[in-house]
There are 2 protein chains.
Amino acid sequence: MQIGDVADRSGLPAKTIRYYEDIGLVTPARDTNGYRVFGESDMHRLSFVARARALGFTIKQCRSLLELWGDQERASADVRAVAGEQLVKIEAKIADLEAMRDTLSRLMHDCSGDARPDCPILDTLGGDAAKVATPLEVEPQARVARRR
Amino acid sequence: MQIGDVADRSGLPAKTIRYYEDIGLVTPARDTNGYRVFGESDMHRLSFVARARALGFTIKQCRSLLELWGDQERASADVRAVAGEQLVKIEAKIADLEAMRDTLSRLMHDCSGDARPDCPILDTLGGDAAKVATPLEVEPQARVARRR
DNA sequence: ATGGGGTGTCCAGTCACTGGAAGGTCAAGA
DNA sequence: TCTTGACCTTCCAGTGACTGGACACCCCAT
């Protein structure tokens, strides 16, 4: 198989597959003309990575997972640990994004969105607490005394 | 004010503030010793950006919002448009992450997480549909015929 | 022989910072 | 006066995971 076939079958762009070779995730053989030659096992590795990436695993985690995948002596607890770590990060990101979404949609709701300049969105971003019901404040930190 | 004070008051790292100067978000004056000197308006701009970034706006969007903020002739509809664009992106990201979370937590649930090697997480990533209830398949795309 | 669609390498750019090195500035303490 | 140490400066490089583009080679069909 050459790179285009693998790209089609794995769903990964050829560029990405070359990149994965670059960083050592796959090591396809080479034809006499210099073209990469992928075997079924390369194909499986790439599909594995594609699925793992789709679940949000980092390349580093993919490396660990690939290693565990190839290790018949593995403990499923080790796999579970990697997945759990990822799940925690995803949940944190969701929480962050939900907070953003809530604030944004409240601001959108409060903004008339017409030709007039009055805008609670800008008021909030500008920190104009007087004009805003629930402002988004950034508390200043304590700091060593400054001269001048 | 010098950069440290602004950093404390805006919550942004000094490095980031220098970076923001670099990309033209603020243009603080300079003291005779070369130190940056920030006025209240610089401070407000930076706090504005900090809040906008906290809501997930890109630097580019921050630029637009800053411009609208300074424009007395603005229409709140323009602000609302930027915010709406951002809200859509955030909602899409949340949906993506929730899908990942759901799949991951299902896999975690199915994985014993003990010393044995059997692991539905790896089975799924490996595309071993036979072992998995609801596999995560990547459909191959149609493609121009390939020789060899 | 020509055309077109593959494939190869290499370099640069993305985004928004962040880390680190090497050095200048200033006020307070010994 | 000298030193210490907190602050400040610039510049360069790295992050993650690709992605785009330039340019050239390979191969088959017409």
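Given the structure is predicted, the values throughout are model-derived calculations rather than measurements. Chain identifiers are assigned alphabetically (A, B, ...) following the order of the sequence lines, protein sequences preceding nucleic acid strands; residue numbering begins at 1 within each chain.
- Remark: C1' of C:dG6 and CZ of A:F38 are 14 Å apart, rounded to the nearest angstrom.
- In terms of phosphate contacts, A:R18 brings no side-chain nitrogen or oxygen within less than 4.0 Å of OP1 or OP2 of C:dC11.
- If you measure from atom CG of B:D31 to atom P of C:dG24, you get 18 Å, rounded to the nearest angstrom.
- We find that CG of B:L25 is positioned 14 Å from P of C:dC15, with the value rounded to whole Å.
- Of the inter-residue distances, the one linking A:D110 atom CG with A:I121 atom CD1 reads 8.5 Å to the nearest 0.5 angstrom.
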Go through the steps for B:F57 and A:L104 under the test side-chain contact (heavy atoms from CB on, under 4.5 Å), then give the verdict. CA-CA 10 Å; B:F57 289 103; A:L104 262 185; 3.7 Å; yes

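- Among the nucleotides C:dT9, C:dT25, D:dT10, the one closest to any side-chain atom of A:R30 is C:dT9.
- Follow the hydrophobic side-chain contacts under 4.5 Å out from A:Y19 and you reach A:L25 in the same cluster.
- Counting only residues at least two apart or on different chains, the salt bridge (Lys or Arg N to Asp or Glu O under 4.0 Å) pairs with a member in residues 14-23 of chain A are A:E21-A:R30, A:E21-A:R36.
- Put simply, B:V37 and B:L12 are part of two different groups of oily side chains (I, L, V, M, F, W, Y) that touch within less than 4.5 Å, one to the next.
- Closest of all the heavy-atom pairs between A:I3 and A:A14 is CD1-O, 3.5 Å.
- Put simply, B:R36 has no side-chain N or O that comes within less than 4.0 Å of OP1 or OP2 on D:dC8.
- In plain terms, the two heavy atoms of A:Q86 and A:L55 that are nearest each other are NE2-O, 3.9 Å.
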Give the table of side-chain donor-acceptor pairs shorter than 3.5 Å for residues 68-82 of chain B, with sequence neighbours excluded, one pair per line with atom names and distance.
residue: B:D71; atom: OD1; partner: B:E73; partner atom: N; Å: 2.8
residue: B:R74; atom: NE; partner: A:P117; partner atom: O; Å: 2.7
residue: B:R74; atom: NH1; partner: B:L68; partner atom: O; Å: 3.1
residue: B:R74; atom: NH1; partner: B:W69; partner atom: O; Å: 3.0
residue: B:R74; atom: NH2; partner: A:P117; partner atom: O; Å: 3.3
residue: B:S76; atom: OG; partner: A:S112; partner atom: OG; Å: 3.3
residue: B:S76; atom: OG; partner: A:G113; partner atom: N; Å: 3.2
residue: B:S76; atom: OG; partner: A:D114; partner atom: N; Å: 3.1
residue: B:S76; atom: OG; partner: A:D114; partner atom: O; Å: 3.4
residue: B:S76; atom: OG; partner: A:D114; partner atom: OD1; Å: 3.3
residue: B:S76; atom: OG; partner: A:R116; partner atom: O; Å: 3.3
residue: B:R80; atom: NE; partner: A:M108; partner atom: O; Å: 3.1
residue: B:R80; atom: NE; partner: A:C111; partner atom: O; Å: 3.0
residue: B:R80; atom: NH2; partner: A:M108; partner atom: O; Å: 3.1

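- A straight line from CD1 of A:I23 to C1' of D:dT19 spans 14 Å, rounded to a whole angstrom.
- The two atoms that bring B:R51 and A:L125 nearest to each other are NH1-O, 2.8 Å, heavy atoms only.
- D:dA6 atom P lies 14 Å from atom OH of B:Y35, rounded to whole Å.
- End-to-end axis angle for the helix from C:dA1-D:dT30 to C:dA30-D:dT1, using five pairs per end and rounding to 10°, comes out at 30°.
- In the set C:dT18, C:dG6, D:dC8, the nucleotide with an atom closest to the side chain of A:Q2 is C:dG6.
- For B:E85, the salt bridge (charged side-chain N to carboxylate O under 4.0 Å, His left out) test picks out B:K89, with sequence neighbours left out.
- Atom-to-atom, CD1 of A:I17 to P of C:dG6 comes out at 14 Å; the value is rounded to the nearest Å.
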How would you summarise protein contacts on nucleotides 11-18 of chain D per nucleotide, using B for base, S for sugar-phosphate only and - for none, with heavy-atom distances below 4.0 Å? B-----BB

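- There is no path of hydrophobic side-chain contacts, each under 4.5 Å, that joins B:L65 to B:V88.
- Sorted by residue number, the list of members of residues 89-98 of chain A with any non-hydrogen atom under 4.0 Å from DNA chain D is empty.
- Dashed line: the shortest gap from a side-chain N or O of A:N33 to OP1 or OP2 of D:dC27 is under 4.0 Å.
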